[in-house]
There are 2 protein chains.
Amino acid sequence: MTATEVRRRQGGRSARVRQAVLEATLAVLRESGPDQLTVADVARRSRVHETSIYRRWGSRQNLMLDALLGAQDQRMPVPNTGSLYGDLLALATERAEYLSGSHGRALLRSMVMSSDDAVLIEMRDDFLQARFQSLKPLFDRAIDRGESLVETDPRLLLEMLFGPLYFRVLISREPIDREFLEHLVDRVAAVFGITGR
Amino acid sequence: MTATEVRRRQGGRSARVRQAVLEATLAVLRESGPDQLTVADVARRSRVHETSIYRRWGSRQNLMLDALLGAQDQRMPVPNTGSLYGDLLALATERAEYLSGSHGRALLRSMVMSSDDAVLIEMRDDFLQARFQSLKPLFDRAIDRGESLVETDPRLLLEMLFGPLYFRVLISREPIDREFLEHLVDRVAAVFGITGR
DNA sequence: GCCATAACGCAAGTGGACTTGCGTTAGAAT
DNA sequence: ATTCTAACGCAAGTCCACTTGCGTTATGGC
């Protein structure tokens, strides 16, 4: 057995502190916005010392990322419109709306700017993994209905669907209108042989 | 005529200062990397006062963005492989490689984090516009060869091609391998009715 | 050449992210 | 119940992005 075996603690005070800080972070985020959020604010509000916050999260960006990812876990709408085309359009529409909002923009910027140490990498990966996983039923239902003709790689499909949305929000900052969404979904659906528009 | 009409100066000292600062920025960027770059470093190296830099560029991020966009203007390879499919694959491959490198990652993060005041918006828009414009010949040649069957919206096509790359580099941080690139280009080409793989 | 002023230099300061060292508290294992 | 120590509290300090006020320089228009 290795000489040093760090036994981390997860319950009790640790958990309370964690929850208090994340709640405070979201509150400050709502009231002041992502650019105005200071770690001192969060510390005051959560009654947890600033030092403790830095020791656990390492940076302001990482803290915001953790809080925003946690908040995301709640509201994860999986559309069910009766057709895969409809589902994809609904999904893209909802995502575009969320990502364009201040909450979404804050999350994206946090994901982009967060460091790439092991903990953060795992956090991001878990989140995306869960995201993709939660959309699996959507494809299963389509297969049951016999809608998808081409062998479909859901992962690639979703990357082709979401990629352009992220591009617009993050890079070109063009607004995403309904016309663009429909064209995009049309093309994506077509390439994966999805019938039943 | 309006009361206040600001006559900006573009030549002489202004231009020299601008060039000196941007060169210094790139130099520091090469030597220290984007995270280690401080405005004080750039000021020392360019022999331009820190205050002047802030007055002109407003923020560290904006400065880096300007420098990196300028550096991009030089090396803009427009592939010509003889087929649109080949061109797109070459293009995606080159972009993926560049974006994954430290230089590219710095540019992306700068674009994401840069403020959205009028000057910056215009800077980004001009850059992207020029980018898309420079790729137009690629489609013209394809049309001449009779390769593209579907009415092709080059803008949408490029967004569908680049979007997933940006997604991987910025969000999921998955490496982009050759297999992914080929699948992606396959799909994009297919949906736009591009023949002649 | 002269003048108005845009752009720069300089000094001084503010605010906030992040660190360090040390003492204290409270889960968890025995 | 006792002990060990991870996690927290606290004070103090560093670093750097960014600002402000004021004097100085050097363009560009006349």
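Note that these values count all heavy atoms, side chains included, but never hydrogens, waters or copies made by symmetry. Protein chains get the first letters and strands the later ones, always in sequence-line order, with residue 1 at the start of each.
Between A:His103 and A:Tyr98, the ring planes lie tilted relative to each other; the angle falls in the 30° to 60° range.
In this structure, CE of B:Met64 is placed 17 Å from C1' of D:dC18, rounded to the nearest angstrom. In this structure, A:Tyr54 atom OH and D:dA7 atom P are separated by 20 Å, rounded to whole Å. We find that CE of A:Met113 is positioned 13 Å from C1' of C:dA17, with the value rounded to whole Å. Here the P atom of nucleotide C:dG15 and the CG atom of A:Asp41 are 13 Å apart, to the nearest Å. Protein atom CZ of A:Arg18 is 14 Å distant from nucleotide atom C1' of D:dA7, rounded to whole Å. The distance between atom CZ of B:Arg16 and atom P of C:dG9, rounded to the nearest whole Å, is 11 Å. Between B:Gln61 atom CD and D:dC18 atom C1' the separation is 14 Å, expressed in whole Å. Residue A:Ile53 contributes atom CD1, which lies 15 Å from atom P of C:dG16 at whole-angstrom precision.
Atom CD1 of A:Ile171 and atom CZ of B:Phe162 lie 12.0 Å apart (nearest 0.5 Å).
A donor-acceptor contact under 3.5 Å links the side chain of A:Arg55 to the base of D:dG9.
Put simply, the side chain of A:Ser134 gets close to the backbone of A:Arg131: a donor and an acceptor are under 3.5 Å apart.
Applying the 4.0 Å criterion to OP1 and OP2 of D:dC10, one finds that A:Thr51 has every side-chain N and O outside that range. Dashed line: the shortest gap from a side-chain N or O of A:Arg47 to OP1 or OP2 of D:dG9 is not under 4.0 Å. Contact annotation: A:His49 reaches the phosphate of D:dC10 (side-chain N/O to OP1 or OP2, under 4.0 Å).
Taking the side chain as every heavy atom from C-beta outward, A:Arg56 and A:Ser14 approach each other to under 4.5 Å.
Counting non-hydrogen atoms under 4.0 angstrom, B:Leu63 reaches nothing in the nucleic acid.
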